[in-house]
Undergrad: 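Sending over a structure as structure tokens; questions will come in a sec.
As the structure lists them, so they are numbered: ligands from 1, and atoms in each ligand from 1. On a predicted model such as this, the values are computed, not experimentally measured, just so you know. Side-chain atoms are counted along with the backbone in the values below, which use heavy atoms only and exclude waters and symmetry mates.
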Amino acid sequence: MLEFSADEEIHLLDPGAGIGLLTAAVAQYAETSCGHRTIAATCYELESAFQADLHETLAGLRNVVATVEPTDFIEHTVRLLCAGEKPNYTHAILNPPYKKINTNSVHRFLMRKLGLETSNLYTCFLACTIALCKPGAQIVGIVPRSFMNGLYFKPFRYWLLDRVAITHLHVFDRRDQAFSDDKVLQENIILRMIVGGKQGEVAVSTSSDPSLADLRQRQCSFFELVTPGDEECFIHVPTLGSQAHHGLPGFALREIGIDVCTGPVVDFRLREHLRMQSEAGTVPLLYASHFASGQIEWPKEGRKPNAIVRNAETEKWLMPRGCYVILRRLSAKEEKRRIVAYLLDEGSLPEASVGFENHLNVIHRNRQGLPVAVARGLVAYLNSQAVDDYFRTFSGHTQVNATDLRRLRYPSLEQLEQALP
Ligand SMILES: C[S@@+](CC[C@H](N)C(=O)[O-])C[C@H]1O[C@@H](n2cnc3c(N)ncnc32)[C@H](O)[C@@H]1O
């Protein structure tokens, strides 16, 4: 994805270089694609165990003049920029580390100096890379898809799209193949960006695995990726060859008087009130494990409690008996679809209230049950292929959040009621 123009000097940045495989790939490509080009490469790698191999890889590249920085890339970048260093790289290639960073970590503090609040090491790496690159520089990174949606990454999306133009987005369709060695569950993308570039069309491509044997590609308008006026600034991956990118017609959930919450029972806070089995004074407590392989199974033998004592302390976390639509917040391994909705029938609940554990999404009306016909219509709709296809355009992981469900569009109440005979 990197291009080299005939007369420019190439200053390549490889942050988190490991043993230097990405720099080696760029060097090889530069040599074959545009002759014997010399590259000035800077490789950051913190891990001492990789230093010897990194030096060896770089020494074997005859068209590379390399500098190894055996230091923390984020700390070093912020120090350089604060000391007035001018962005100098013309190209960058990165496969950054993925790790959550908490609010009071050093990295988080350092990123605030660059005007960014972000919660993962890979977004810090991307931001520092952008900050060190010249206007017009090309950056290619292989990163998780999580920054493209979700609340926590919103400041990063704004920060990113203010500074770069996205020119190419490659998606690995199948999470289980692309990075199976590394047990990476997150879907990964390859992103090509131009620093300070003018945002135009974006090439979107997909393949099921890194061999790229079944590569498909089309030019997409940027508006297919980011819907104009979208406050959240979600970045969608337009599907190739399907209509899903046009979005779903219909209404927001709240427009039809319905809402979704996460299960109110946080079990470790109410531990003393949990019971493995129902007994006098308890009500059903439902966990994600009660919703698996298309069936609701309650009570269920296993590690999770089936009941919660109903008393003054637990009362405010319980919901009245009723008909609810339930979705796990993390889909089960055996499920092919991302969105799997279950109908929880009023009749299956023996008591006047019910506890929903925090790993569930509960679709309700004013924190009470739904009319049964509406609930059945909603289940049918949410389990449809169209919803699953659309969901995949903006979510690359197995999590389904209440925000995601609010974001979908739904049929009208009448249509839902009449959906099933
Ligand atoms: C996902 S690996 C990628 C390695 C290599 N680029 C590749 O694609 O084969 C990320 C690398 O970043 C390094 N790393 C992690 N945190 C770092 C930091 N703060 N500064 C510099 N390197 C770091 C790790 O040691 C690891 O080698």
Undergrad: If we ignore angles and hydrogens, is there a donor and acceptor under 3.5 Å between the side chains of Thr129 and Tyr89?
TA: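 On atom types as modelled, these side chains do not qualify, holding no pair under 3.5 Å.
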Undergrad: Indicate whether any N or O donor in one side chain lies under 3.5 Å from an N or O acceptor in the other, for Ser146 and Tyr98.
TA: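 Checked: Ser146/Tyr98 side chains show no N/O donor-acceptor pair below 3.5 Å.
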Undergrad: Mind checking what makes salt bridge (charged side-chain N to carboxylate O under 4.0 Å, His left out) contact with Arg365, not counting sequence neighbours?
TA: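 Salt bridge (charged side-chain N to carboxylate O under 4.0 Å, His left out) check on Arg365 returns nothing, list empty.
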Undergrad: Extract all donor-acceptor atom pairs below 3.5 Å that involve side chains of residues 262-274 and protein atoms in other chains or at least two apart in sequence.
TA:
residue	atom	partner	partner atom	Å
Asp267	OD2	Tyr287	OH	3.0
His273	ND1	Asn311	ND2	3.2
His273	NE2	Glu313	OE2	3.4

Undergrad: Taking atom CH2 as the centre, does Trp317 end up with more than 12 heavy-atom neighbours from other residues, nucleotides or ligands that are less than 6.0 angstrom away?
TA: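 No, because the 6.0 Å sphere around CH2 of Trp317 holds 12 heavy atoms or fewer from other groups.
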Undergrad: Who passes side-chain contact (heavy atoms from CB on, under 4.5 Å) against Asp162, sequence neighbours left out?
TA: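 Partners of Asp162 by the side-chain contact (heavy atoms from CB on, under 4.5 Å) criterion come out as none, since no residue qualifies.
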Undergrad: What are the distances between nitrogen or oxygen atoms of ligand 1 and protein nitrogen or oxygen atoms, counting only those under 3.5 Å?
TA:
residue	atom	partner	partner atom	Å
ligand 1	6 (N)	Gly16	O	2.8
ligand 1	8 (O)	Asn95	ND2	2.9
ligand 1	19 (N)	Asp72	OD2	3.4
ligand 1	20 (N)	Phe73	N	3.0
ligand 1	22 (N)	Leu46	N	3.4
ligand 1	25 (O)	Glu45	OE2	2.6
ligand 1	27 (O)	Glu45	OE1	2.7
ligand 1	27 (O)	Glu45	OE2	3.4

